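Small disclaimer: the values here were computed from a predicted structure and weren't measured.
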Amino acid sequence: MMGAAAVAVVVVCAVMYTIFEVIERRKRKKFAEDIRRYIQNHKGEWTSDNQDLR
């Protein structure tokens with residue numbers, strides 16, 4: 001009986017970890033897309049004053 005309970009606990013933890021990883025991966029992907037979109041939208045706004053910052 002204890003073996004079945006241990007297996008159930010491991011399965012629940014694995015499912016929770018997987019769900020957490022999926023959520024985090026989506027957050028990182030959305031952040032990267034937002035940064036890319038921001039750079040694309042503001043690409044023409046750089047001036048010669050900012051060239052030294054590279």
Novice: Contact between Lys29 and Arg25 at the side-chain level, heavy atoms closer than 4.5 Å - yes or no?
Specialist: no
Novice: What residues, two or more places apart in sequence or in another chain, satisfy salt bridge (Lys or Arg N to Asp or Glu O under 4.0 Å) together with Glu24?
Specialist: Lys27
Novice: Using the salt bridge (Lys or Arg N to Asp or Glu O under 4.0 Å) criterion, which residues pair with Arg37? Sequence neighbours excluded.
Specialist: Asp34
Novice: Transitive ILVMFWY cluster of Met2 at side-chain heavy atoms under 4.5 Å: who else is in it?
Specialist: none
Novice: Show me the donor-acceptor pairs within less than 3.5 Å that the side chains of residues 5-23 make with the rest of the protein, sequence neighbours left out.
Specialist:
{"residue": "Thr18", "atom": "OG1", "partner": "Ala14", "partner atom": "O", "Å": "2.8"}

